[in-house]
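So the structure is just underneath, and the comments pick up after that.
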Amino acid sequence: MTTVGILGGGQLARMIALSGAPLGLRFLVMDSAADACAAQFAPMVLGDYRDQGALQEFASRIDVATFDFENVPAEAARWLAGRVPVFPNPGALATAQDRLAEKTLFREHGIPVPEFAPIASRADLDAAVERIGAPCVLKTRRLGYDGKGQFRIRDSESSVEVAWKSLGGQAETVGLILEAFVPFERELSVVAVRGRDGEFRAWPVTENWHVDGVLSASLAPARVDEGLAATAVGYARKLAEAMDYVGVFALELFCKDGRLLANELAPRVHNSGHWTIEGSETSQFENHLRAVLGLPLGSTRMVGQACMLNWIGAMPDAAAVLAEAGGHWHDYGKAPREGRKVGHATLRADTPQELAAALSRVGEALGRDGQVAPVVAALGGAGK
Ligand code: AMP
């Protein structure tokens, strides 16, 4: 019996464990929160990633390790890799943890990125704002997620001052980076998988909508022409090969004037790939396990059209989604809390028109017309 260890016990670990059950796998998660939601389905080692004793116990009970969370200290990942196989490799994890390292990697491989500059001091910030121009975004290099650790600088000197006041204290701890603000037409992601033998597969490119930096809805396939989709997938492949990456990852991209700019790479299964559970032949979670275990990868072929809606803060009533022929419900078993991802729904249909109609019905029933509206518009409207 193979036991897969997962560092991090959130909803991603939970969905990995659920998808691994039919493969006959066992799981062990490690998390510092006693109420981590994956622990409802898998035993857990409760402890901080810097706690050697807890890591030792974790390592002794697993055959292979992976992550549900990228901000595991690189030293912990390296220590573990000296004892059990770890995928993705700790070097890839370290690069993807650091916005400066990953943007530098993108650029080295000819992948276009918004202009950026490392920031170590207020003088650096002034010089970078001068060079890059406003609007721009000051971000922490590490530990930021879901729009946290970011500050948008609009145009004035006072806005630079406020940005520095809010994030300057972290210049020496997690580091800072300034990026040009991209007035994108749409946001896309490539969710892809690479096996231990180097085999690479990508799911159809996904289109994403964020609210306050947090993913709100994803639509697959994205409305992009084949050439652009192939370019996006080509970037993902190049990066996976450069990092000798094994497992599932997501490359987030902005699309502006028909051109792609890479934003970031998430070294794990990704929220914009949740639709693959019902919308494709093999889900991102199962293919991640197949990759990590050296098994043949499953097909990433889509089944129809799919839209995922994130539930943030509290779960709505499930009935409207469950009443849809292609409606699927995912409750992560978390206590409600403002800003927290507590669940999602996926709607699947054979045609864009049917998907738009289902989304409209669900949006209306749940009082979430605003959340579904951009997706319905992207699909060409809900008809009558
Ligand atoms: P991130 O944590 O970098 O993925 O940022 C979260 C979200 O904030 C992105 O998905 C975008 O919607 C927005 N965002 C981040 N960086 C930029 C940027 N340079 N220009 C425009 N929007 C951005």
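Each ligand, and each atom within it, is numbered from 1 in the order the structure gives.
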* Which pairs with one or both residues in residues 331-358 pass ring-ring contact (aromatic ring centres under 6.0 Å, His included), sequence neighbours excluded? -> H274-H344, H330-H344, Y332-H344

* Are any of the N/O atoms in A180 less than 3.5 Å from those in ligand 1? -> yes

* side-chain hydrogen bond (donor to acceptor under 3.5 Å, both in side chains) between S280 and W203, intermediate numbers included -> CA-CA 8 Å; S280 83; W203 283 267; 3.1 Å; yes

* Near F184, which atoms of ligand 1 are under 4.0 Å from a heavy atom of that residue? -> 12 (O), 21 (C), 22 (N)

* Any idea which atoms of ligand 1 are less than 4.0 Å away from a heavy-atom of N263? -> 1 (P), 3 (O), 4 (O)

* Asked: How is the hydrophobic cluster of V205 composed, in terms of its other members, when Ile, Leu, Val, Met, Phe, Trp and Tyr link through side-chain heavy atoms under 4.5 Å apart, directly or indirectly?
  -> L100, L105, F106, I111, V113, F116, I177, L188, V190, F200, V224, L228, V233, Y235, L239, M243, Y245, F249, L251, L253, L260, L265

* Do R194 and D244 meet the salt-bridge criterion of a basic N to acidic O distance under 4.0 Å? -> yes

* Is the cationic atom of R152 (NZ for Lys, CZ for Arg) positioned less than 6.0 Å from the six-membered ring centroid of F181 and within 45 degrees of its normal? -> yes

* Does a side-chain N-to-carboxylate-O contact under 4.0 Å join R348 and D350? -> yes

* Find all atoms of ligand 1 within a distance of less than 4.0 Å from any non-hydrogen atom belonging to R99, and give their numbers and elements. => 1 (P), 2 (O), 3 (O)

* Return yes when G213 approaches ligand 1 closer than 4.0 angstrom through a heavy atom, no otherwise. => yes

* Does an N or O from V182, backbone or side chain, lie closer than 3.5 Å to an N or O of ligand 1? -> yes

* **Element-labelled atoms of ligand 1 that are located less than 4.0 Å from some non-hydrogen atom of E187** => 9 (C), 10 (O), 11 (C), 12 (O)

* **Ligand-residue contact atoms, ligand 1 with E252, heavy atoms, under 4.0 Å** => 4 (O)

